[in-house]
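Worksheet: the structure to be examined is printed underneath.
All values derive from a computational prediction rather than experimental measurement. Chain letters run A, B, ... following the sequence lines, proteins first and then strands; every chain starts at 1.
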Amino acid sequence: MNKKILSNVLFYIAVVLIALVVLFPFLWMLSSSFKTQVDIISWPPKLFFEPTLANYRKVFEEQDFLKYFINSTIVGGFAVALSLLLGLPAAYSIARFAQKKLAVFILLARLMPGISFLMPWYIIFSRLDLMDSYVALVLSHMLIALPIVVWIMSSYFEAIPRELEESAMVDGATRQHAFLAIILPLSGPGIITATTLSFIFSWNNFMFSQVLSMEKTKTLPIAVYNFLSYAEVDWGGVMAAAVAIMAPAIALTMIFQKYVVKGLTMGAVKG
Amino acid sequence: MASVVLKNVVKRFGSTTAVDNLSIEIKDKEFAVLVGSSGCGKSTALRMIAGLETITSGEIYIGDTRVNDMPPRERDVAMVFQNYALYPHMSVRENMGFGLKIRKLSDKEIDERVREAADILGLNELLDRKPKELSGGQRQRVAVGRAIVRKPKVFLFDEPLSNLDAKLRVAMRAEISKLHRRLEATIVYVTHDQVEAMTMADRIFIMSKGVLQQSGAPMEVYSRPVNRFVAGFIGSPAMNFIDATLVRGDGGLIVDAESFKVALPEAFNASLAGYVGRQIVFGVRPEDMALAGNGVSGEQNILTARAEVVELLGSEVFVYLSCGRHSIVARMEVPDRAIEVGDTLQVALKMPKTHVFDKDTSLTIA
Ligand SMILES: Nc1ncnc2c1ncn2[C@@H]1O[C@H](COP(=O)(O)OP(=O)(O)O)[C@@H](O)[C@H]1O
Ligand SMILES: [Mg+2]
């Protein structure tokens, strides 16, 4: 009995230690975002300080981060929505008609380094006069979202008994109708997983917007990065901006924790 | 209502032939049971009738219509699946009404039909529940209800009772039979359970490895099996098969199984003429055996055996006998004096009900 308590205590100490190591940069960032410049660079670091919102005010008022925040939301939102529109039927047919090759092909698109797409995209979008457009950015972010949707949803659909839609089809439904009336309503958890994960990955993406956007469609990570380069010394501002980027991803993850963990453990997606 | 006809239907999955040249004719309003062990192609056959599997070759007719290329929704059949396949997100009412809604019946008519089916199946209290709030037996009823509201030409059942416990299965067996008489429906019913087949069917179709072995009324396939497979499949416990030699005796033909000899009735003579002196397989059903002196008379039908295992079922007893190198099961009335393990018994065979099979082809000779 005592042994068990002891091993439990040791276990939790280990967990806390590991969590501290992993979370330290984040905690550092979070606390710094509420510190004044003086407090940030003071040595030894101050554990207790008078918090200030000045950094956030600066970020959202002077730097107009809200605009980039909205850009990220638009791009992520549309990329995910369109990916669901295309990916759900695709995933369904992969699941039901054993399109393993197609599934691997889509996974391959996911595993290829994104940078290898950028050159052709740059040329194509320039020619089409779509540089710095939402269209181009949404399309590029679909490269992130679509494979996640297809991969998660095809495993999800596979787990739904075929007899459900077969029964609907014998009852008079077309396959499309059976998909919409029977399969989709049962896929809520899978769709939440796919949506959350693909939105987060889109949100965190840096490279595509860096190349394809200019001032109008720039996403949040680029804005922070730019901020960093010319305001090098303003650590408080940088930290506040970084927190602002991470907040939605973290919030989504916490809200849909159950689904996100499930999606990640499907082994299909990797950040 | 309609007849169902399969003509030389073949279904291959890659290199496996699931259904091999199946030709069956199910009459209008008939209760047809496809029976066979697991993997013999029954479900595949049923799914081809439903249109859920394509046909490799052959033809299927429902009524007068050739349905080979017709999608399931146009075939006007209803199917009850082994796992019931109830739509989890819909209430019992919505489950049952789903097919009618698609067919654009008015809400009033849907409601009437659902109510009518619920009355028949005793589902009235459950109409607003979700499938997960139902017991196995109730789900099974809902699945049946969903089929009957449709009033289809043909009902297809794929092992609908196999997920129920034994007692419920017996009750549902009777109910489905009753339902068949009430609806006057054509039913194609698939099961691996020969008892279900025997008790429910107008006509049984026995399949093995994708091939139809025999069809006929239950008593017909029971008493006149065409081959050893059918003989062993129908009946419980299964028929005893005893390797023996056919020899000519004083009165007629004799089955010589070394450890016992029994005489065949005269009626067997004609068909067995060519087999004298050859190895055959002698078949006797456990229920066609009795303790000697208990109504079965004659001296030429008795074997002496040792009781190895005795299973008392109340009104009946299964006795597992050894007789030389043969193991034989007998199913008998419980005798006044209890049978003990190790007893030596005189067992009489009802010879007119025995069978003789060709050792090589397994076909029934007599
Ligand atoms: N979709 C399929 N793909 C490949 N083989 C199948 C498929 N469906 C059934 N089979 C094979 O066909 C044979 C008959 O299957 P089935 O009709 O389900 O048998 P039963 O219902 O009599 O148990 C089996 O050998 C099974 O493995
Ligand atoms: Mg089956």
Output the donor-acceptor atom pairs between chain B and chain A under 3.5 Å, with atom names and distances to 0.1 Å.
from: B:R47; atom 1: NH1; to: A:E166; atom 2: OE1; distance (Å): 2.7
from: B:R47; atom 1: NH1; to: A:E166; atom 2: OE2; distance (Å): 3.3
from: B:R47; atom 1: NH2; to: A:E166; atom 2: OE2; distance (Å): 2.7
from: B:R73; atom 1: N; to: A:M169; atom 2: O; distance (Å): 3.3
from: B:N83; atom 1: ND2; to: A:E163; atom 2: OE1; distance (Å): 3.4
from: B:Y87; atom 1: OH; to: A:S167; atom 2: OG; distance (Å): 3.3
from: B:Y87; atom 1: OH; to: A:A168; atom 2: N; distance (Å): 3.1
from: B:Y87; atom 1: OH; to: A:D171; atom 2: OD2; distance (Å): 3.4
from: B:H89; atom 1: NE2; to: A:A181; atom 2: O; distance (Å): 3.0
from: B:R103; atom 1: NH1; to: A:D171; atom 2: O; distance (Å): 2.7
from: B:R146; atom 1: NH2; to: A:S167; atom 2: OG; distance (Å): 2.8
from: B:R150; atom 1: NH1; to: A:V170; atom 2: O; distance (Å): 3.2
from: B:R150; atom 1: NH1; to: A:D171; atom 2: OD1; distance (Å): 2.9

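Within a 6.0 Å radius of CZ in A:F78, other residues, nucleotides and ligands contribute 12 heavy atoms or fewer. Heavy-atom neighbours of B:D165 CG from other residues, nucleotides or ligands within 6.0 Å: above the threshold of 12. Atom CG of B:D64 has 12 or fewer heavy atoms from other residues, nucleotides or ligands within 6.0 Å. Residue A:I115 qualifies as open at atom CD1: its count of foreign heavy atoms under 6.0 Å is 12 or below. For B:F13, the CZ atom is densely surrounded, since the number of other residues' heavy atoms within 6.0 Å is greater than 12.
When B:P71, B:P88, B:A50 are compared by the number of non-hydrogen pairs under 4.5 Å with chain A, B:P88 comes out ahead. Among B:A147, B:A85, B:G51, the residue with the largest count of heavy-atom pairs under 4.5 Å with chain A is B:A85.
For B:L100, no part lies under 4.5 angstrom from a heavy atom of chain A. With a threshold of 4.5 angstrom between heavy atoms, A:L186 approaches chain B through side-chain atoms but not through N, CA, C or O.
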